[in-house]
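Just below is one structure, and these are the notes that go with it.
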Amino acid sequence: MKEKLQYLNNEIKGMPLADAIPYVLKNFEGKKVFSTSFGIEDQVLTHFIAPYSEFISTFTLDTGRQFTETYEVFQRTQNKYPKLNIETYFPEPEDVNNYVKSDGINGFYNSVDSRKECCRIRKVVPLQKAIKGAELWITGLRAEQSDNRESLEFLEWDEANQLVKFNPLLHYTLTEVEALINTYNIPLNSLYKKGYLSIGCAPCTRALLEGEPFRAGRWWWEDGKKECGLHIHTDKNY
């Protein structure tokens with residue numbers, strides 16, 4: 001696998017997005033999935049993945065704490081790409097109920113551990129169901145988003161999930177992503193132009209202040225690395 005990924009990474013380096021996606025798809029025979037949160041990166045990928053929807057299972061995680069604007073862009077995306085079936089995965093009601101009983105409805109503000117447990121219940125557990133049996137997982141990760149994403153590869157082995165993760169937009173700048181949105185008239189969450197560059201659950205997301213880094217609006221009351229557990233970057237031992 002290591003040699004295959006190294007070869008493919010060299011092949012797609014500098015390749016246009018419209019060419020890189022079908023090229024990678026042809027090189028993996030098993031189940032392929034694409035996860036969308038309807039953020040700007042995922043919207044761009046949706047546009048380029050839609051023509052190959054019969055070969056890719058597209059899904060989203062509905063945590064139950066989404067912005068109304070996120071549901072609105074979900075609907076506009078379905079309208080623009082009617083052949084794209086976006087499957088929705090929800091958290092287990094019993095898990096949510098137990099969390100609310102023990103930590104409170106907004107317990108994630110109380111501690112990092114409580115917040116991570118909320119993310120685990122509402123995101124990580126449903127994700128495991130969505131990617132079960134997949135060989136390739138397409139994501140909208142970009143190196144520019146945070147320091148701990150700068151060392152990612154286009155294609156890399158995800159040890160935790162036992163599959164290959166494909167990050168087509170890895171070296172795209174935010175300006176380049178915005179240009180694609182405008183060029184192809186791709187639906188965009190209305191919160192984006194209000195300063196919400198990284199949009200997650202409503203209670204855990206705020207608009208960025210001037211000069212703040214991309215992820216500062218997520219879990220803004222915490223210090224250190226800001227990840228929810230969906231994307232854990234491990235070593236490259238494959």
| F48 and its ring-ring contact (aromatic ring centres under 6.0 Å, His included) partner, picked from Y23, Y184, F34 | Y184
| message | Any heavy-atom pair between the side chains of Y172 and E144 that's under 4.5 Å? | response | no
| request: Could you tell me whether R206 and E212 have a side-chain N and a carboxylate O separated by less than 4.0 Å? | output: yes
| What pair of heavy atoms forms the shortest contact from C204 to W221, and how long is it? | SG-CH2, 3.8 Å
| query | Tell me, do L61 and T88 make a side-chain contact under 4.5 Å, heavy atoms counted? | reply | no
| Of the non-hydrogen atoms in S37 and D42, which two are nearest, and what is the gap between them? | N-OD2, 2.8 Å
| task | Check whether F67 and L188 end up in the same hydrophobic cluster, where Ile, Leu, Val, Met, Phe, Trp and Tyr are linked by side-chain heavy atoms less than 4.5 Å apart. | result | no
| query | So N189 and R76, side chain to side chain donor-acceptor pair (under 3.5 Å) or not? Walk me through it. | reply | CA-CA 10 Å; N189 193 318; R76 288 192 287 124; over 6 Å; no
| request: Measure the shortest side-chain to side-chain distance between I131 and L163 over non-hydrogen atoms and say whether it is less than 4.5 angstrom. | output: yes
| Do the side chains of F38 and I86 get nearer than 4.5 Å, heavy atoms only? | yes
| request: Evaluate side-chain contact (heavy atoms from CB on, under 4.5 Å) for E176 paired with L180, printing each intermediate quantity in order. | output: CA-CA 6 Å; E176 290 171 330; L180 290 171; 5.9 Å; no
| Are I181 and I199 linked, directly or through other ILVMFWY residues, by side chains that come within less than 4.5 angstrom of each other? | no
| message | Check E41 with R142, please: is the shortest side-chain N to carboxylate O separation under 4.0 Å? | response | yes
| remark: Across all chains, not counting sequence neighbours, the side chain to side chain donor-acceptor pair (under 3.5 Å) partners of K31 are none
| request: Answer yes or no on whether K123 is positioned over the face of Y89, meaning its NZ or CZ is under 6.0 Å from the six-membered ring centre and within 45° of the axis. | output: no
| field | Test item: Y81 and H47 side chains (from C-beta on) under 4.5 Å apart, heavy atoms | value | yes
| said: With rounding to the nearest 0.5 angstrom, report the CZ to CG distance, R218 to L208. | reply: 11.0 Å
| task | Mind running side-chain contact (heavy atoms from CB on, under 4.5 Å) on L25 and I138 for me, showing each step along the way? | result | CA-CA 10 Å; L25 292 179; I138 304 173; 4.2 Å; yes
| Heavy-atom check, side chain of W137 versus side chain of S35, under 4.5 Å | yes
| Is there side-chain contact between V164 and E156, with at least one heavy-atom pair below 4.5 Å? | no
| Nearest heavy-atom neighbours spanning S53 and K83 | OG-O, 3.6 Å
| query | L8 versus N27: any side-chain heavy-atom pair under 4.5 Å? | reply | yes
| query | Checking ring-ring contact (aromatic ring centres under 6.0 Å, His included) for the pair F166/F28: CA distance, chi angles, key distance, verdict? | reply | CA-CA 11 Å; F166 178 31; F28 290 89; 8.2 Å; no
